[in-house]
Amino acid sequence: MRTLLPSSPATVTTTPQTRRRRRFFIHSSAKRSDSFANGSRSSDWQSSCAILSSKVNSQQQSESLIPAVNGYNNPNDSNLNLVPFDNNNNNNNKSIQSKSKPLSITDLSPAPMHGSNLRVAYQGVPGAYSEAAAGKAYPNCQPIPCDQFEVAFQAVELWIADRAVLPVENSLGGSIHRNYDLLLRHRLHIVGEVQFPVHHCLLALPGVRKEFLTRVISHPQGLAQCEHTLTKLGLNVAREAVDDTAGAAEFIAANNVRDTAAIASARAAEIYGLEILEDGIQDDASNVTRFVMLAREPIIPRTDRPFKTSIVFAHEKGTCVLFKVLSAFAFRNISLTKIESRPNHNVPIRLVDEANVGTAKHFEYMFYIDFEASMAEARAQNALAEVQEFTSFLRVLGSYPMDMTSWSPSSSSSSSTFSL
Ligand SMILES: O=C(O)C(=O)C[C@]1(C(=O)O)C=C[C@@H](O)C=C1
């Protein structure tokens, strides 16, 4: 994917790759080479993140003094209805009786958080769909732009952000594979999902006409979601992939590029002063991207509303156990909403000795499944107990409320609150 460089001197930082990011981003300063199996990290990753982590350590120390309930020990989660905690009077019985009470089940089910003050990491620059999805998931949150998906994961792990909101699949463009791989490599938990209608526009500098265009730039998903419409519009020009849709708009504006249009949101047009040449250019009016919300701690699964659970598993015998795993759900009437396979990066190839035929090579996969049940339900627990018998590796990525909000295809600004 191409990294576009702006001309503005204010954008210059250290390397060509980071120039475009300037004030907006948390940077990924190094590559990680940790393995999902043992969570180990390479020493060069640790040292290159030193500046980031030393800042974070002092923050962590002060935050650890705050009492934690349900895994939350974030000062921003002040509306969690926590049990009063009296540090000063613990020798005073009367005070203890009047001020402290035993934990009850309601204390363990925090009131829904509407996102106020939550720092939410997303990939892209302001105007990206991911920023809008973060706002839908956590209204009034403080969005934190990150230059890569990996950085959004790290921002939560390092307590720079409280949540990350990341795309995992689009109804037209399919899965965002990178995030599936990162879910496995990091230890964050899925705590919610949000389905966001994606309404694309073709943007260019004021005065530019479609006939002048020699290039259309966008996020690969943006290009994929508008492929047929671009052709129908007669735009058989070069298509170039960049890091995010709004970043494409920003690039055109910052560099006064007159032969290029961006596929991005109407909000990106407003932010970067571009004109909308075409509105609603996605190939399907109901174009929707599913995002997941990630946190350091899981939420407590419930049964009073529809929940979804995401798991990932592998087996040494490859795909031949897949039908057994699927039947564990089928027998319990648990619907699957998604199945995805990714290369098993730890063991990508398996050599199979087949007598008289030679040595066959099989690809090894990690299988990701989303199913419609809460981990608080016995049928889900039983299904996973059975799945465990057939698999060599199994991890629950999260059990979280399903996004049941209705949305209209014509509107890209549906907003509602349903997160925990
Ligand atoms: O580029 C953006 O605006 C994004 O938020 C990323 C992203 C994606 O990764 O799928 C999100 C939603 C749309 O599907 C297009 C792009």
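Both backbone and side-chain heavy atoms feed into the values below; hydrogens, waters and symmetry mates do not. As the structure lists them, so they are numbered: ligands from 1, and atoms in each ligand from 1.
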> For Q123, is at least one N or O under 3.5 Å away from an N or O on ligand 1?
Replying inline: no

>> Is there a polar contact, in the sense of an N or O pair closer than 3.5 Å, between Q225 and ligand 1?
In response: yes

> Looking only at heavy atoms of G124, does any of them come nearer than 4.0 Å to an atom of ligand 1?
Replying inline: no

> Between F313 and F393, is the gap from one ring center to the other below 6.0 Å?
Replying inline: no

> Is any side-chain heavy atom of L294 less than 4.5 Å from a side-chain heavy atom of R163?
Replying inline: no

> Is there a side-chain contact between D283 and T229, using heavy atoms and a 4.5 Å cut-off?
Replying inline: yes

Taking [atom] as the reference point, the nearest protein heavy atom with its distance:
{"atom": "atom 11 (C) of ligand 1", "result": "F291 CZ, 3.9 Å"}
{"atom": "atom 8 (C) of ligand 1", "result": "H219 CE1, 3.6 Å"}
{"atom": "atom 2 (C) of ligand 1", "result": "T245 OG1, 3.2 Å"}
{"atom": "atom 6 (C) of ligand 1", "result": "S130 OG, 3.8 Å"}

> Is a side-chain donor or acceptor of N170 paired with a backbone partner of Q225 at a separation under 3.5 angstrom?
Replying inline: no

>> If you count heavy atoms of other groups shown closer than 6.0 angstrom to NZ of K232, is the number above 12?
In response: no

> Given E131, Q221, R178, which one has a non-hydrogen atom that is nearest to atom 10 (O) of ligand 1?
Replying inline: Q221

> Does one side chain, of H186 or E157, offer a donor that lies under 3.5 Å from an acceptor on the other?
Replying inline: yes

> Which of parallel (below 30°), tilted (30 to 60°) and perpendicular (above 60°) describes F371 and F329?
Replying inline: tilted

> Does T289 approach ligand 1 within less than 4.0 angstrom via side chain, backbone, both or neither, non-hydrogen atoms only?
Replying inline: side chain

> Of the backbone atoms (N, CA, C, O) and the side-chain heavy atoms from C-beta on, which set of D243 has a member under 4.0 Å from an atom of ligand 1: side chain, backbone, both, or neither?
Replying inline: neither

> At a 4.0 Å threshold, what atoms of ligand 1 neighbour a non-hydrogen atom of I176?
Replying inline: 10 (O)

> In chain order, what residues pass the side chain to side chain donor-acceptor pair (under 3.5 Å) check against E386, with sequence neighbours excluded?
Replying inline: R332

